[in-house]
Amino acid sequence: MTKIIGLICGSLRKNSYNRIIAQSLTELDDSHQFRWIEINDLPLFNEDLEISILETVTSFKSAIQDVDGIIIVSPEYNSGIPGVLKNALDWASRPLESAVISRKPVGLIGATPGGLGTVFAQLQIKQVLEAMQVHVLPFQKMLISQVHKKIDSDQKVLTDEQTKRYLQQYLHQFIHWIDHTPVLD
């Protein structure tokens with residue numbers, strides 16, 4: 001059965017390495033649909049704004065609701081989660097009684113020019129998602145280090161074949177996991 005996978009990039013940079021990695025996922029699998037879930041226009045989370053939710057927040061929440069699972073592809077800033085991603089996750093989890101991300105299957109991928117991948121950011125993202133009662137793909141890590149050496153000189157396409165294979169394996173594991181993850185209420 002065809003799945004609809006939402007892609008969230010945790011970076012706002014135009015030529016973000018992580019956006020390039022997320023885009024490559026769409027090119028590695030043509031049997032499923034991919035939809036971008038943009039976070040760049042969301043206001044800073046503020047409970048006062050929940051009373052009259054803005055159109056950008058409504059569209060963001062609808063996009064999350066309309067997918068079977070989400071893959072977050074995010075950099076690491078100062079050994080942690082990017083603020084824009086944390087803000088988006090806060091919007092997706094509020095108000096509690098109608099949190100669109102609750103119980104949603106989520107996979108995590110991260111790319112960085114550094115040597116450790118995005119291990120610290122992913123740990124923080126997992127901690128936040130667990131508090132939101134989100135199902136995170138267990139036992140799998142997709143940490144891409146030295147990413148600047150794995151894309152072409154124009155920084156628009158992933159060229160490293162080994163990384164492509166790992167991404168394809170991760171994507172297939174994620175989709176298989178969605179099919180076999182019970183939704184608990």
Side-chain angles (χ1 to χ4, degrees), residues 1-11 16-42 56-75 81-82 84-86 88-94 98-111 117-118 121-122 125-144 147 150-151 156-158 160-185:
M1 179 186 221
T2 299
K3 297 292 181 197
I4 302 171
I5 307 299
L7 298 173
I8 294 178
C9 180
S11 172
S16 160
Y17 296 130
N18 285 276
R19 186 168 290 274
I20 293 167
I21 296 299
Q23 179 61 41
S24 69
L25 289 170
T26 69
E27 297 158 7
L28 293 172
D29 186 313
D30 57 2
S31 60
H32 299 283
Q33 294 179 28
F34 295 88
R35 293 191 187 154
W36 287 97
I37 301 174
E38 298 296 343
I39 62 174
N40 54 332
D41 290 331
L42 294 172
T56 55
V57 174
T58 302
S59 295
F60 170 70
K61 288 183 172 193
S62 292
I64 289 175
Q65 210 160 18
D66 293 343
V67 297
D68 297 307
I70 297 168
I71 296 179
I72 297 172
V73 187
S74 181
I81 184 173
V84 67
L85 177 58
K86 175 63 166 79
L89 294 174
D90 287 342
W91 276 115
S93 70
R94 297 283 306 183
S98 60
V100 293
I101 200 162
S102 180
R103 309 281 195 254
K104 188 70 71 170
V106 172
L108 299 175
I109 296 173
T118 56
Q122 286 195 28
I125 295 167
K126 281 182 182 181
Q127 181 181 15
V128 169
L129 292 173
E130 184 178 293
M132 296 174 178
Q133 299 181 3
V134 172
H135 300 291
V136 180
L137 179 62
F139 312 118
Q140 303 298 320
K141 289 186 179 121
M142 189 68 209
L143 307 166
I144 303 169
V147 68
K150 298 175 181 178
I151 56 177
K156 294 184 181 167
V157 180
L158 176 66
D160 184 70
E161 292 302 319
Q162 184 175 8
T163 302
K164 285 182 185 181
R165 283 191 303 277
Y166 286 145
L167 281 170
Q168 193 167 42
Q169 289 171 356
Y170 184 90
L171 181 59
H172 289 157
Q173 288 172 335
F174 180 69
I175 291 167
H176 177 76
W177 179 68
I178 289 174
D179 287 335
H180 297 90
T181 300
V183 178
L184 304 172
D185 289 326

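Note that these values count all heavy atoms, side chains included, but never hydrogens, waters or copies made by symmetry.
To the nearest 0.5 angstrom, Ile81 atom CD1 is 7.5 Å from Leu129 atom CG.
Heavy atoms only, all atoms of each residue included: His180 and His176 are closest at ND1-O, 2.8 Å. Minimum interatomic distance between Ala111 and Ile21 (heavy atoms only, all atoms of both residues): CB-CG1, 3.9 Å. The nearest pair of heavy atoms linking Trp91 to Val57 is CE3-CG1, 3.5 Å. The two residues Lys150 and Thr163 come nearest to each other via the heavy atoms CD-OG1, 3.4 Å. When all heavy atoms are compared, the tightest approach of His32 to Met1 is CE1-O, 3.6 Å. Here the closest heavy-atom approach between residue Ile39 and residue Gly10 is recorded as CD1-CA, 4.3 Å.
Without hydrogens or angle criteria, Gln133 side chain to Arg103 main chain gives no donor-acceptor distance under 3.5 Å. Between the side chain of Ser93 and the backbone N or O of Asp90 there is at least one donor-acceptor pair closer than 3.5 Å. Put simply, the side chain of Gln122 gets close to the backbone of Met142: a donor and an acceptor are under 3.5 Å apart. Listed for the Asn18 side chain is no donor-acceptor partner under 3.5 Å among the backbone atoms of Cys9. Between the side chain of Ser62 and the backbone N or O of Ser59 there is no donor-acceptor pair closer than 3.5 Å.
Every residue meeting the side chain to side chain contact (heavy atoms under 4.5 Å, CB included) condition with Ala92, not counting sequence neighbours, appears here in chain and number order: Phe60, Ile64, Val100, Ile101. With sequence neighbours excluded, no residue forms a salt bridge (charged side-chain N to carboxylate O under 4.0 Å, His left out) with Asp160. Residues passing the salt bridge (charged side-chain N to carboxylate O under 4.0 Å, His left out) test with Lys3 are Asp179, sequence neighbours excluded. Every side chain to side chain contact (heavy atoms under 4.5 Å, CB included) that Glu38 has, sequence neighbours left out, goes to Arg19, Trp36, Asn40. Arg94 meets the salt bridge (charged side-chain N to carboxylate O under 4.0 Å, His left out) test with Glu47, Glu50; sequence neighbours excluded.
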From CA spacing to verdict: side chain to side chain contact (heavy atoms under 4.5 Å, CB included), Leu167, Leu25: CA-CA 7 Å; Leu167 281 170; Leu25 289 170; 4.0 Å; yes
Derivation of the side chain to side chain contact (heavy atoms under 4.5 Å, CB included) call for Ile178 and Ile5: CA-CA 10 Å; Ile178 289 174; Ile5 307 299; 3.8 Å; yes
Determine, step by step, whether Gln65 and Lys61 satisfy the side chain to side chain contact (heavy atoms under 4.5 Å, CB included) criterion, reporting the C-alpha distance in whole Å, the side-chain angles of both residues, the deciding distance to 0.1 Å, and the verdict. CA-CA 6 Å; Gln65 210 160 18; Lys61 288 183 172 193; 5.8 Å; no
Derivation of the side chain to side chain donor-acceptor pair (under 3.5 Å) call for Gln23 and Thr26: CA-CA 5 Å; Gln23 179 61 41; Thr26 69; 2.9 Å; yes
Residue pair Val136, Glu130: steps toward the side chain to side chain contact (heavy atoms under 4.5 Å, CB included) verdict: CA-CA 8 Å; Val136 180; Glu130 184 178 293; over 6 Å; no
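Within a 6.0 Å sphere centred on CD of Gln127, heavy atoms belonging to other residues, nucleotides or ligands number 12 at most. Under a cut-off of 6.0 angstrom, the local environment of CD in Gln140 is crowded, with over 12 non-hydrogen atoms contributed by other residues, nucleotides or ligands.
In this structure, Ile8 and Leu89 have side chains that are not in contact, with every pair of non-hydrogen atoms separated by 4.5 Å or more. Here the side chains of Ser11 and Tyr17 are not in contact, with every heavy-atom distance at 4.5 Å or above. Between Ile109 and Thr118 the shortest side-chain heavy-atom distance does not fall below 4.5 Å. Contact check for Phe34 versus Asp29: side-chain heavy atoms found under the 4.5 Å cut-off. Using a 4.5 Å cut-off on side-chain heavy atoms (C-beta onward), Leu158 and Lys164 make contact.
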Side-chain atoms of residues 66-75: list all donor-acceptor pairs with protein atoms under 3.5 Å, sequence neighbours left out, distances to 0.1 Å.
| residue | atom | partner | partner atom | Å |
| --- | --- | --- | --- | --- |
| Asp68 | OD2 | Ile4 | N | 2.8 |

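Classification of the Phe174-Tyr170 ring pair by plane angle, with boundaries at 30° and 60°, yields parallel.
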